[in-house]
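Basis for what follows: all heavy atoms, side chains included, without hydrogens, waters or symmetry-related copies. Order of the sequence lines fixes the chain letters, A, B, ..., with proteins taken first and strands second; residue numbering starts at 1 for each chain.
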Amino acid sequence: MWYLKARMESRIPARELVKQKGQLKDDVVAIKVDGRIVDLHTPVPADATFEVIHATDKDGIQVIRHSTAHVMADAVQRLFPGTKVTIGPAIEDGFYYDFDKPGGGFSDEDLATIEKAMLDVIAKNTPFRREVVSRNEALALFEKMNETFKVEIIRSIPENEEISLYKHGTPGDDEWVDVCEGPHVPSTGFLRAVKLTSVAGAYWRGDERNPMLQRIYGTAFPSKEALEEHLKLIEEAKQRDHRKLGKELDLFFFDQVAPAMPFFLPRGAYVYNRLVDYVRNLYVDYGYEEVITPQAFDPKLFRTSGHLGNYNENMYRLWTEDLLEEGAVDPKVGVAKHVQEASFALKPMNCPSHCVIFGARKRSYRELPWRVADFGRLHRYERGGVVHGLSRVRSFCQDDAHIFCTQDQVAEEIEKFLKMFYGIYKAFALTKIDIRLATRPEKRIGSDDLWDMSERALQEGLERAGLPFEISKGEGAFYGPKLEFHVQDALKRSWQLGTMQYDPNLPERFDLAYTGEDGKDHRPVMLHRAVFGTFERFLSVYLEHCGGNFPAWLAPTQAIVLTVSDKSEAYGRSVLEELRSKGLRAEGDFSGDKLGAKIRNARTYRYPYMLIVGPKDAEAGSVSVRSRDAGELGAMPRAEFVAKLLAESASPR
RNA sequence: GCUGGCGUAGCUCAAUCGGUAGAGCACCUGUUUUGUAAACAGGCGGUUAGGGGUUCAAGUCCCCUCGCUAGCUCCA
């Protein structure tokens with residue numbers, strides 16, 4: 001590490017350096033030197049320039065959380081002897097620590113007990129102490145403690161790196177030690193607000209072939225107030241959970257008869273269809289053509305495409321009575337094998353169909369780029385533990401399209417796609433988008449040369465557009481690298497929505513060709529792309545983004561007429577009829593409820609407008625408008641409201 | 001798929017140590033005629049996810065299956 005390069009005599013503990021400069025205040029937890037966060041225990045060059053990090057700084061909070069993880073591990077090992085420690089980093093909203101606990105997991109009661117023990121450790125306010133040891137010393141220490149996971153970690157630390165131990169507690173009494181890079185707060189008393197939140201399984205080193213450890217999640221803040229604030233935000237986020245909103249707003253539901261396959265109710269179907277319309281309209285502008293393709297296919301198709309073999313475990317297969325009989329005829333084959341080989345498959349993707357269409361006749365270079373769109377319903381068998389509301393389902397529809405083009409056209413097509421993509425996301429006020437370039441996975445088809453070229457093409461596209469991105473190594477599809485566009489849900493889980501994938505392999509496998517200017521056959525390139533990704537997932541993210549408050553153009557019901565009493569029903573119905581005759585989506589509440597109750601009901605359904613009508617309005621030919629977003633707007637002539645709502649009903653372009 | 005947790009009326013949730021399944025909302029029927037966030041009364045509604053076991057007795061304890069859920073792994 002860099003500080004090893006400094007001469008020994010010129011190093012002093014960071015605490016001393018900060019003190020010399022007169023900056024050692026009570027809330028200083030670390031310093032930043034050369035962009036690196038170093039705690040006060042760590043030696044730094046005596047002449048280093050630094051920036052102090054306070055407990056309340058973003059970096060400071062991370063130091064607090066990592067230290068809290070240590071205190072938790074200390075408490076856990078004291079309460080549950082025999083439990084081994086592994087790793088415990090600070091994360092986005094808190095920290096976790098993974099344990100190997102004999103005899104199974106932790107209960108909620110255990111969490112409360114652990115939290116209490118942590119408070120005792122914190123109350124003692126013992127300093128964290130940093131100690132540098134040799135590799136052999138570290139190994140000997142943790143081998144003696146039978147901390148097999150730590151031993152494995154120490155062995156994996158590169159030879160040239162320093163190994164440090166962090167201790168807290170009273171030596172010879174309740175001292176606790178961990179091999180750790182740091183950084184840590186000066187003493188346990190710096191941990192003022194901690195809370196353990198949940199427990200879950202996690203594989204050692206994130207690999208499902210490894211044993212499962214017990215992970216405890218928690219969070220910590222520099223003050224009780226900040227912790228309370230955080231917990232409040234989580235509560236509010238839960239209110240916006242799309243699964244809750246879906247129920248409340250009668251948009252969709254699930255039933256055990258079709259696990260993880262949504263039933264869209266009339267109101268949900270309305271929104272869904274408007275999203276589809278919206279994309280269809282844009283396709284006119286961007287030069288796409290739509291096709292309709294089959295749902296189930298002879299498995300031959302998916303052998304050609306490579307799905308059988310690379311995507312097997314995600315596919316639904318279909319059998320028929322005839323198929324069983326055929327299988328029974330030849331005892332050498334057997335029913336199971338015959339069904340496995342010959343049963344039709346529900347499509348999990350549209351690309352093979354589009355290859356079939358492209359290859360169905362001679363194609364000219366003049367046709368390229370050919371952008372072919374498909375709103376086909378797709379089915380993918382997702383493993384039990386991964387499905388999640390509308391975000392991860394087994395039956396869905398993508399705003400899917402494939403672009404067949406020449407190598408030379410790729411750059412422009414990527415550019416056009418990005419333009420379309422950002423235009424759409426802007427229309428939905430989604431601005432926090434993370435882009436990742438997912439590169440070749442282990443399980444893949446095609447030569448490395450093709451992969452090199454494909455990955456380069458996508459990367460250049462992003463660079464030309466000046467978009468920041470991260471690389472997700474090995475995360476590409478089996479047929480090509482991907483650009484992934486990720487957006488977070490209300491609970492800060494990140495979901496991939498849009499995608500663009502460069503695919504040189506499927507045209508090869510389907511032996512696709514177009515006739516070039518030179519009269520010879522050439523292989524086209526294929527781009528897979530989707531802006532929303534799937535309508536299901538997009539809807540889940542968007543629902544949470546707008547909190548169920550759909551804009552007027554998208555709202556299943558734009559306005560509801562509320563009568564003050566029966567006396568105004570006739571007038572109310574005439575208002576309703578007028579709205580509907582103008583193509584507006586309106587409802588009426590002519591029930592015996594009092595006005596207050598009607599308003600309350602209408603609010604929970606989040607209708608953009610309530611039109612309150614009573615004798616005064618009937619007299620004046622007006623409606624009293626209450627806007628969901630802007631509050632009471634007062635009485636206005638019927639025609640004025642109609643014009644206003646019509647203006648708001650246009651979908652963005 | 002793995003590790004926890006959960007599954008009671010359409011929805012949100014009660015039910016003490018294993019001892020008669022209950023409330024609010026919604027729905028239906030009346031009464032009330034109401035001007036900006038819940039009028040009142042009555043009624044309907046349940047093989048306690050499904051199956052098996054222990055027990056005199058199971059919503060409650062045990063086992064299996066299904067589903068949901070928090071994470072992990074995997075993915076749009």
A.B. asks: Say you pick atom P in B:rU16 and the same atom in B:rG22; how far apart are they, in whole Å?
C.D. replies: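 Here B:rU16 and B:rG22 have their P atoms 13 Å from each other.
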A.B. asks: Take atom P in B:rG42 and the same atom in B:rG24, then report the distance between them in whole Å.
C.D. replies: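 My reading of the P atoms in B:rG42 and B:rG24 gives 10 Å.
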A.B. asks: Are A:Gln496 and B:rA76 close enough that a side-chain N or O sits under 4.0 Å from OP1 or OP2?
C.D. replies: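 Checking B:rA76 against A:Gln496, a side-chain N or O does come within under 4.0 Å of OP1 or OP2.
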A.B. asks: How many Å lie between CD1 on A:Ile216 and P on B:rG5, as a whole number?
C.D. replies: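 For the pair A:Ile216 CD1 and B:rG5 P, the rounded distance is 14 Å.
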A.B. asks: For A:Val613, report the nucleic acid contact type (base, sugar-phosphate, nothing); a contact means any heavy atom under 4.0 Å.
C.D. replies: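 Nothing, no nucleic acid heavy atom in range.
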A.B. asks: Return no unless some side-chain N or O of A:His388 is found under 4.0 Å from OP1 or OP2 of B:rC75.
C.D. replies: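 No, outside the criterion.
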A.B. asks: Hey, does the side-chain of A:Arg215 have a donor or acceptor N/O within less than 3.5 Å of a partner on the base of B:rU3?
C.D. replies: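 In this structure, the two groups form no donor-acceptor pair.
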A.B. asks: Here's a test of your reading of the structure: between A:Pro259 and A:Arg380, which maps to the more 5' nucleotide of RNA chain B?
C.D. replies: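 With A:Pro259 and A:Arg380 compared, the 5'-side residue is A:Pro259.
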A.B. asks: Is A:Gly201 touching bases, backbone alone, or none of the nucleic acid, heavy atoms closer than 4.0 Å?
C.D. replies: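 Base: the residue A:Gly201, judged by heavy atoms under 4.0 Å, touches a nucleobase.
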A.B. asks: Using the P atom as the point on both nucleotides, what is the distance between B:rG5 and B:rA9, in whole Å?
C.D. replies: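 Going atom to atom, P in each nucleotide, I get 22 Å.
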A.B. asks: In whole angstroms, how far is the P atom of B:rU69 from the CG atom of A:Leu390?
C.D. replies: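 Value for this atom pair: 11 Å.
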A.B. asks: For residues A:Tyr605 and A:Asp250, is any side-chain donor paired with an opposing acceptor at under 3.5 Å?
C.D. replies: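 A donor-acceptor contact under 3.5 Å links the two side chains.
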A.B. asks: What contact category does A:Ser624 fall into here, base, sugar-phosphate, or nothing, at under 4.0 angstrom with non-hydrogen atoms?
C.D. replies: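 Counting heavy atoms under 4.0 Å across all strands, the contact made by A:Ser624 includes a base.
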A.B. asks: From CG of A:Asp566 over to P of B:rU31, roughly how many Å is that when rounded to an integer?
C.D. replies: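 Value for this atom pair: 11 Å.
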A.B. asks: Tell me the interatomic distance from A:Glu484, atom CD, to B:rC74, atom C1', rounded to whole angstroms.
C.D. replies: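 Atom-to-atom, A:Glu484 to B:rC74, this comes out as 13 Å.
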A.B. asks: Taking donor-acceptor contacts at under 3.5 Å, does the side chain of A:Glu382 reach the base of B:rA76?
C.D. replies: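 Under the 3.5 Å cut-off, the side chain and the base do form a donor-acceptor pair.
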A.B. asks: From CD of A:Gln398 over to C1' of B:rC75, roughly how many Å is that when rounded to an integer?
C.D. replies: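 Going from CD in A:Gln398 over to C1' in B:rC75 covers 11 Å.
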A.B. asks: Heavy-atom count around A:Glu313 CD within 6.0 Å, excluding the residue itself: above 12?
C.D. replies: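 Result for CD/A:Glu313: enclosed.
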A.B. asks: Quantified in whole Å, what is the P atom distance between nucleotide B:rC28 and nucleotide B:rG4?
C.D. replies: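 Rounded to whole Å, the distance is 46 Å.
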A.B. asks: For RNA chain B, what is the dot-bracket line, given that a base pair needs Watson-Crick (N1 to N3, plus N6-O4 or O6-N4) or G-U wobble (N1-O2 and O6-N3) geometry with both distances under 3.5 Å, and | means paired with another strand?
C.D. replies: (((((((..((((.....[..)))).(((((.......))))).....(((((..]....))))))))))))....
A.B. asks: Work out which heavy atom in A:Ala401 is nearest to a heavy atom in A:Tyr283; give both atom names and the distance.
C.D. replies: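 The answer is CB-OH, 4.2 Å.
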A.B. asks: What integer number of Å spans the P atoms of B:rU55 and B:rU12?
C.D. replies: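 To the nearest whole Å, 37 Å.
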A.B. asks: Has the side chain of A:Tyr203 got a donor or acceptor that lies under 3.5 Å from a partner of the other kind on the base of B:rG1?
C.D. replies: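 Yes, a donor-acceptor pair under 3.5 Å.
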A.B. asks: What's A:Ala260 touching, base or sugar-phosphate or nothing? Going by heavy atoms closer than 4.0 Å.
C.D. replies: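 A:Ala260: backbone/sugar contact only, no base atoms under 4.0 Å.
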A.B. asks: For A:Arg392 and B:rU73, give me the distance from atom CZ to atom C1', rounded to whole Å.
C.D. replies: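 Spelled out: CZ on A:Arg392 to C1' on B:rU73 is 10 Å.
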A.B. asks: Taking the six-membered ring for Trp, are A:Tyr278 and A:Phe428 closer than 6.0 Å centroid to centroid?
C.D. replies: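 Yes, the ring centres sit under 6.0 Å apart.
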A.B. asks: Checking all strands, does A:Gln214 fall into the base, sugar-phosphate, or nothing category for heavy-atom contacts under 4.0 angstrom?
C.D. replies: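 Sugar-phosphate: the residue A:Gln214, judged by heavy atoms under 4.0 Å, touches backbone atoms but no base.
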A.B. asks: Between A:Arg215 and A:Tyr96, is NZ or CZ placed under 6.0 angstrom from the six-membered ring centre and within 45° of the ring axis?
C.D. replies: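 So A:Arg215 does make the cation-pi contact.
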A.B. asks: When rounded to the nearest Å, what value does the distance between C1' atoms of B:rA76 and B:rC44 take?
C.D. replies: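 After rounding to an integer number of Å, I get 44 Å for this pair.
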A.B. asks: Round to the nearest Å and state the distance from A:Met212 atom CE to B:rU73 atom P.
C.D. replies: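 These atoms are roughly 9 Å apart.
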A.B. asks: Do any N or O atoms from the side chain of A:Arg380 and from the backbone of A:Asn314 form a donor-acceptor pair under 3.5 angstrom?
C.D. replies: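 Looks like no, no N/O pair under 3.5 Å.
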A.B. asks: Using atom types as modelled and distance alone, determine if a side-chain donor or acceptor of A:Gln295 lies under 3.5 Å from a backbone N or O of A:Leu346.
C.D. replies: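 Not at all, since once roles are kept as given, no pair shorter than 3.5 Å links the two residues.
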A.B. asks: Considering every strand and a 4.0 Å limit on heavy-atom distances, what is the contact class for A:Gly631: base, sugar-phosphate, or nothing?
C.D. replies: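 The residue A:Gly631 makes no contact with any strand.
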A.B. asks: Classify the nucleic acid contact of A:Lys598 as base, sugar-phosphate or nothing, counting any heavy atom under 4.0 Å across all strands shown.
C.D. replies: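 Contact class for A:Lys598: none.
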A.B. asks: Please give the distance between the C1' atoms of B:rC13 and B:rU8 as a whole number of Å.
C.D. replies: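 Each nucleotide's C1' atom is 9 Å from the other's.
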A.B. asks: Using a 4.0 Å heavy-atom cut-off, does A:Gly614 contact any base of the nucleic acid, only the sugar-phosphate backbone, or nothing at all?
C.D. replies: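 A:Gly614: base contact, heavy atoms under 4.0 Å.
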A.B. asks: Measuring to OP1 and OP2 of B:rU36, would you say a side-chain N or O of A:Lys594 lies under 4.0 angstrom away?
C.D. replies: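 No.
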A.B. asks: Between the side chains of A:Ser391 and A:Arg493, does any donor sit under 3.5 Å from an acceptor?
C.D. replies: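 No, A:Arg493 and A:Ser391 have no side-chain donor paired with an acceptor closer than 3.5 Å.
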A.B. asks: Contact class for A:Phe254 (heavy atom, under 4.0 Å): base, sugar-phosphate, or nothing?
C.D. replies: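 Result for A:Phe254 = nothing.
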A.B. asks: Give A:Thr534 one of three labels, base, sugar-phosphate or nothing, depending on what nucleic acid heavy atoms sit under 4.0 Å from its own.
C.D. replies: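 Base: the residue A:Thr534, judged by heavy atoms under 4.0 Å, touches a nucleobase.
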A.B. asks: Is B:rC28 in the syn or the anti form, by the rule that syn lies within 90° of 0?
C.D. replies: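 Classified anti.
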A.B. asks: Indicate, with a heavy-atom threshold strictly under 4.0 Å, whether A:Lys443 touches base, sugar-phosphate, or nothing.
C.D. replies: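 Since no nucleic acid heavy atom lies under 4.0 Å of A:Lys443, the category is nothing.
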A.B. asks: Using the closest heavy atom to pick a nucleotide of RNA chain B for each, name whichever of A:Ser494 or A:Ile599 lands nearer the 5' end.
C.D. replies: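 This one resolves to A:Ile599.
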A.B. asks: So for A:Asp108 and B:rG5, does any side-chain atom that can act as donor or acceptor lie under 3.5 Å from a complementary atom in the base?
C.D. replies: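 Result: no qualifying N/O pair found.
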A.B. asks: Going by atom types alone, do A:Gln77 and A:Glu147 pair a side-chain donor with an acceptor below 3.5 Å?
C.D. replies: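 The answer is yes; a qualifying pair exists.
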A.B. asks: Could you tell me whether A:His307 and A:Phe478 have their ring centroids closer than 6.0 angstrom?
C.D. replies: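 Here the rings of A:Phe478 and A:His307 have centres that are less than 6.0 Å from each other.
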A.B. asks: With ring centroids as reference points, do A:Phe99 and A:Tyr97 lie under 6.0 angstrom apart?
C.D. replies: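 Centroid distance A:Phe99-A:Tyr97: below 6.0 Å, so yes.
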A.B. asks: When the C1' atoms of B:rU33 and B:rA49 are compared, how many Å lie between them, rounded to an integer?
C.D. replies: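 Going atom to atom, C1' in each nucleotide, I get 46 Å.
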A.B. asks: Measure from CG on A:Asp241 to C1' on B:rA70 and round the result to the nearest Å.
C.D. replies: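 For the pair A:Asp241 CG and B:rA70 C1', the rounded distance is 12 Å.
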A.B. asks: Select base, sugar-phosphate, or nothing to describe what A:Leu497 touches, counting heavy atoms under 4.0 Å on all strands.
C.D. replies: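 Since only primed, P, OP1 and OP2 atoms lie under 4.0 Å of A:Leu497, the category is sugar-phosphate.
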A.B. asks: Heavy atoms under 4.0 Å, any strand shown: does A:Arg243 hit a base, just sugar-phosphate, or nothing?
C.D. replies: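 It contacts sugar-phosphate atoms only.
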A.B. asks: Within the 4.0 Å heavy-atom criterion, would you say A:Arg394 contacts the bases, only the backbone, or no part of the nucleic acid?
C.D. replies: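 Here A:Arg394 touches no strand at all.
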